[in-house]
Amino acid sequence: MTKRIFTFLLLYILANSLAAQVDLADYVNTLQGTNSRHELTRGNTYPTTALPFGMNTWTPQTGPNGDGWKYQYFKKTIRGFQQAHQCSSWSNDYAVFSLMPVTGTLKLKENDRQSGFTHEKETAKPYYYQVALNNGVNTEIAPTERGAHLRFTFPKKENAFLVLDGYTGLSEVKIDQKNKTITGYVQNGRGMDRFENFKNYFVIQFDKSFKAFGTWDNTTGNKQDENTNAEGKGIGAYLQFNTGETVQVKVASSYISLKQAKQNLKNELGKARKLEETKNSAKNIWNKHLSKILVEGGSEEQLKTFYSCFFRASLFTRKFYELNENGEPYYFSPYDGKIHEGYMYTDTGFWDTFRAQFPLNALLYPEMHGRYVAALLDAYDQCGWLPSWSFPSEAGSMIGNHAISLLADAWAKGIRTFDPEKALKAYYHEATEKGPWGPANGRHGFKEYYTLGYVPYPKYGEATAKTLEYAYDDFCGYNLAKMIGNKFYVDVFSRQMYNYKNVWDDEVGFMRGRRADGSWLPDFDAYEWGGPFTEGNAWHYVWSVFQDPKGLINLMGGEKNFNKKMDSVFTVPNTVHVGTYGGKIHEMTEMEMANMGQYAHGNQPIQHMIYLYNYSGQPWKAQQRSREIMSKLYSYTENGYPGDEDQGQTSSWYVLSAMGFYSVCPGTDEYVLGSPVFEKTTITLENGEKFIISAKNNSEKNIYINKANLNSVEFTKNYLTYGQIIQGGNFELEMSQKPNKSRGIHELDKPFSLTKN
C-alpha cells in the first residue's frame, strides 16, 4: 500500500511538473479559422507567423496573387510564402511580396510553380511555421516585428531555385551577387496608391551564393537571365543555388527607406546565425506575452481555444513605426505621405474593434494603448480626419465615428496621453461633416441626424444602424466632455445621445427604417436583412443602445418585456429574408448554422446582447448564454470561429468572456460580468499587480455565480471597474449548477446606463 501511495505521489508530481513546462505558445493553433471561403466564414484567418502587434506577418499562400483568401485550409497547393499585412479577406492586402522554392525545372508564374502539400506535414505556431512541400523542399519561417528568418532545405538530387514574386503592383528588384542580397520595393494593394512615395522597401539576405540569377515579369512570365536590376509592374527575381543546398534567408522591410529596411534587418536579425535563434526568441516573446493571462483548470481543448484566440487578439492593431539607429521611433505616415517622429499604428476597423479588442488592449497594454490613442490625433493633424478604418490609410469603411469611443474609453480608464480638448474638436468635425473616403469618414446624413433626430432611409443606406451608432458615439463625446468639464461639448453631444429613441417603433417593438417625412418604412419585416441595417436585421440592431440599456428597457415596457424579448432572440426561427442584399451573404448562412434563433454571433452588432441581462434583473442568463456561446461557437480548429474574426474583435470577445466579463459600453470604465470558463485566471498587469479570478466548483454544469467576493468583501454588483482590476486583487466566485436569482438584481448592482429610472 505504501509503495502504491508513493508511486501515485511521484506520478502526480511528475505530471504537474510536466504541465508547468508546457509552453503557452504551443497551445496556439494559427490554423484556427482558416477553413473559410466567400460563401461561409469560419474566421477568414490565415496561419499568421508574427510577433505581437508586429508591423509585418508571414504566411503560406494558397490563393492567387491579389485574392483576399490568401490561405484556405481545404486547398491542396502552396504557391508562395508571403510577407502580409491583411486584417480582413474582404479588404484584401497591401505591400505584399512572396518567396517560393522550386525544384527541377525553373517555373516562375504562380500557377506553374505551386506545389502540393498536406496538413500532416505542416506546423503552424505563432513563432514558427513549417511545411514539407511535395516538391521536396522543407520550408521554415520564424518571425520578427518587421521581418522574418526563413530556411529552405532543398532535396539532394534536384535543381534548387527560389522565386521572388513582386505581386500585383509596381515593384523593383536589385540583385547583388557579391553580397548575396536582393533589395527593392513593392507598391501594391489598397491604400498604397494614395501617395506616389508610399512604398514597402525590402532587403533579403542569403547565406549561400547564387549559382545563377535573373529578373522576371509576372504579367508576361518573361525572364532576363543574369539581369541584376529591373523595375515595373509585377517585377520579381529568381535565384539558383547548388543542388541539395540548405538556404537561410533573412528578410526585413520598411515604409521609410531602403536604408531603414537594412537597419530593421540589423536590429532584428543581425545577431541570429541560424533560424533556431530567431525561432527561440519569438517563442520566448510569445510565452511571455500569453502569460499575461494564465488560465488554469480547464480542458485541453479549452486551453487551446483560449490561447489561440488570445494570439489572434494580439496581432492588431499593427505597429506602423520603426526604430532608427538610435532606437528612436519614427514612421512614414499613411495619412500625409511624410516622415514623422513618434508612434503610429494601423490595420484595424473601429466598427468591429471598439467593442472588445481595444478594451482588452486598454486592460493588458495601457502604455501601448496610450500611444495608440495619441496617434489618432496625429492622424487627424495629418489628414484632417480621425481614422475610422485604417488600412493602412483611412478607408472610411463600415459605419459610425468610433475613434471617439477609443478616446473616451482611454480617458475614463485613466489613460491620458492626449489632449482631450483637441480630441473633442476633432470629433466635432467628424460628426458635422462628410469626408471623401467612405461612409464612415465623417457622417452620412449628418444634417438630417441633427435636424430630424435620425438618419432617414432610403435617402441614406443603412440609415437606422447609423442613427444608433451615431447616438452611441455622441454619448462618448458627451462623456469625454463631462469628464474634463467642457460645458460646450457636453451641451452639443447630450442633445443627440438619445436619438436611438427616434427610430424605435412601439407598434412593431423594434428599431425601424424611417423616411425623411417622419413616416415609417412600410411592410416591416424583422427577419429582413439590409436596407436600413448593416449586415443584419431588426432582431440584431434593436440592442445597439450600449450607452442606455435602461432607456431601451423602458421603451420595451419594463424589465419583464425586455427579458422576454431577449429570450425570444434564441427561440424564434433562424429565418433569413435576404432583403436588399438580393441573395445570401455569408453572415446569413453563419447565423443559420449556429442554430440559435436570430442570435448572429458571427457578426459584431449583437455580440454584446447577452450581457444586457445584467441590466434587467436576470444576470444569471448572461452567465448561461456566455458559456453556451463559447462552448458551441468557438474552437481551436480550422473551423474555430462562427464568422469573420475581424481584426481581433471576435477573438477578444472570447478572451474577455472566458475571463468572465465583457465591455458592453466602451467609453465607461466598466466590464460587465458573465461566467468564467476556467477555475482560475491570473491577469498579470503592466504595473506589476495581479488580478486573480477564482471560480470555485466551476465546471461545464456549474456555470452560475452563487456568491462573489472582491478582496474578501461580499460583491453583489454585475460589473467590475477598470480601476478594481488594474490595482490587482482577488475576485472569488462560488459557482453553482443552479442560478442564484437573488444576486445582482438590485438597482445599485446594475451597470452604467444614462437613464437611471
Legend entry - Residue pair Glu322 / Asn264, side-chain donor-acceptor N/O under 3.5 Å: yes
Inset, instruction - Could you check if a side-chain atom of Ser36 sits within less than 4.5 angstrom of a side-chain atom of Gln72, using non-hydrogen atoms only? - result: no
Inset, instruction - Taking the side chain as every heavy atom from C-beta outward, state whether Ile175 and Asn229 have any pair of such atoms under 4.5 Å apart. - result: no
Inset, instruction - Could you tell me whether the side chain of Val251 reaches within less than 4.5 Å of the side chain of Leu150, counting heavy atoms only? - result: yes
Legend entry - Aromatic centroids of Tyr372 and Phe358 separated by under 6.0 Å: yes
Inset, instruction - State whether a side-chain donor-acceptor pair under 3.5 Å links Gln82 with Lys70. - result: yes
Inset, instruction - Indicate whether the side chain of Gln130 and that of Thr139 have a donor and an acceptor atom separated by less than 3.5 Å. - result: no
Legend entry - Under-4.0 Å salt bridge between Arg371 and Glu367: yes
Inset, instruction - Please check if any side-chain donor atom of Tyr128 sits under 3.5 Å from a side-chain acceptor atom of Glu140, or the reverse. - result: yes
Inset, instruction - For the residue pair Thr59 and Thr48, confirm or rule out a side-chain donor-acceptor distance under 3.5 Å. - result: no
Inset, instruction - Answer yes or no: is there a side-chain heavy-atom contact under 4.5 Å between Lys338 and Ser333? - result: no
Inset, instruction - For the residue pair Phe306 and Tyr654, categorise the inter-ring angle as parallel (less than 30°), tilted (30 to 60°) or perpendicular (more than 60°). - result: tilted
Inset, instruction - Would you tell me whether Asn65 and Asp165 have side-chain atoms, one donor and one acceptor, within less than 3.5 Å of each other? - result: yes
Legend entry - Distance-only donor-acceptor check, side chains Gln83 and Ser98, under 3.5 Å: no
Legend entry - Of Tyr201, Tyr255, Phe198, the residue whose pairing with Phe332 passes ring-ring contact (aromatic ring centres under 6.0 Å, His included): Phe198
Inset, instruction - Please report the closest heavy-atom contact between Thr219 and Lys233, naming both atoms and the distance. - result: CG2-O, 3.9 Å
Inset, instruction - Would you tell me whether Asp644 and Trp90 have side-chain atoms, one donor and one acceptor, within less than 3.5 Å of each other? - result: yes
Legend entry - Residues Thr144 and Glu268: side-chain donor-acceptor under 3.5 angstrom: yes
Legend entry - His340: which of Tyr335, Tyr330, Tyr331, Tyr321 passes ring-ring contact (aromatic ring centres under 6.0 Å, His included): Tyr331
Legend entry - Pair Tyr167-Asn200, side-chain donor/acceptor within less than 3.5 Å: no
Inset, instruction - Please report the shortest heavy-atom distance between Tyr46 and Ala84, naming the atom on each side. - result: OH-CB, 4.0 Å
Legend entry - Plane angle bin for Trp58 and Phe97 - parallel if under 30°, tilted between 30 and 60°, otherwise perpendicular: perpendicular
Inset, instruction - Would you please say whether a donor-acceptor pair under 3.5 Å links the side chains of Ser314 and His289? - result: yes
Inset, instruction - Could you label the plane-to-plane angle of the Tyr343 and Tyr345 rings as parallel, tilted or perpendicular, counting under 30° as parallel and over 60° as perpendicular? - result: parallel
Legend entry - Gln382 versus Asp378, side-chain donor and acceptor atoms under 3.5 Å: no
Legend entry - Donor-acceptor pair between Asp217 and Asn222 side chains, under 3.5 angstrom: no
Legend entry - Mutual orientation of the aromatic rings belonging to Tyr307 and Tyr27 [parallel < 30°, tilted 30-60°, perpendicular > 60°]: parallel
Inset, instruction - For Asn29 and Tyr636, indicate whether the former's side chain and the latter's backbone hold a donor-acceptor pair under 3.5 Å. - result: yes
Legend entry - Heavy-atom side-chain contact between Phe154 and Thr246 under 4.5 Å: no
Legend entry - Min side-chain heavy-atom separation Glu394-Arg194 under 4.5 Å: yes
Legend entry - Side chain proximity check, Met100 to Ser115, heavy atoms < 4.5 angstrom: yes
Legend entry - N-O pairing of Asp23 and Lys283 below 4.0 Å: yes
Legend entry - Ion pair check, Lys174 and Asp176, cut-off under 4.0 Å: no
Legend entry - Modelled atom types, side-chain donor and acceptor of His85 and Asn56, under 3.5 Å: yes
Legend entry - Option among Arg312, Gln32, Glu645 that satisfies the side chain to side chain donor-acceptor pair (under 3.5 Å) test with Ser651: Glu645
Inset, instruction - Would you mind reporting whether Leu406 and Thr353 have side-chain heavy atoms less than 4.5 Å apart? - result: no
Legend entry - No-hydrogen, no-angle side-chain donor-acceptor test under 3.5 Å, Trp389 and Asn441: no
Legend entry - Ring geometry between Phe391 and Tyr94 (parallel below 30°, tilted from 30 to 60°, perpendicular above 60°): perpendicular
Inset, instruction - Could you verify whether a donor N or O on one side chain and an acceptor N or O on the other, from Thr317 and Asp347, lie under 3.5 Å apart? - result: no
Legend entry - Check: Lys288 main-chain N/O paired with Ser291 side-chain donor or acceptor under 3.5 Å: yes
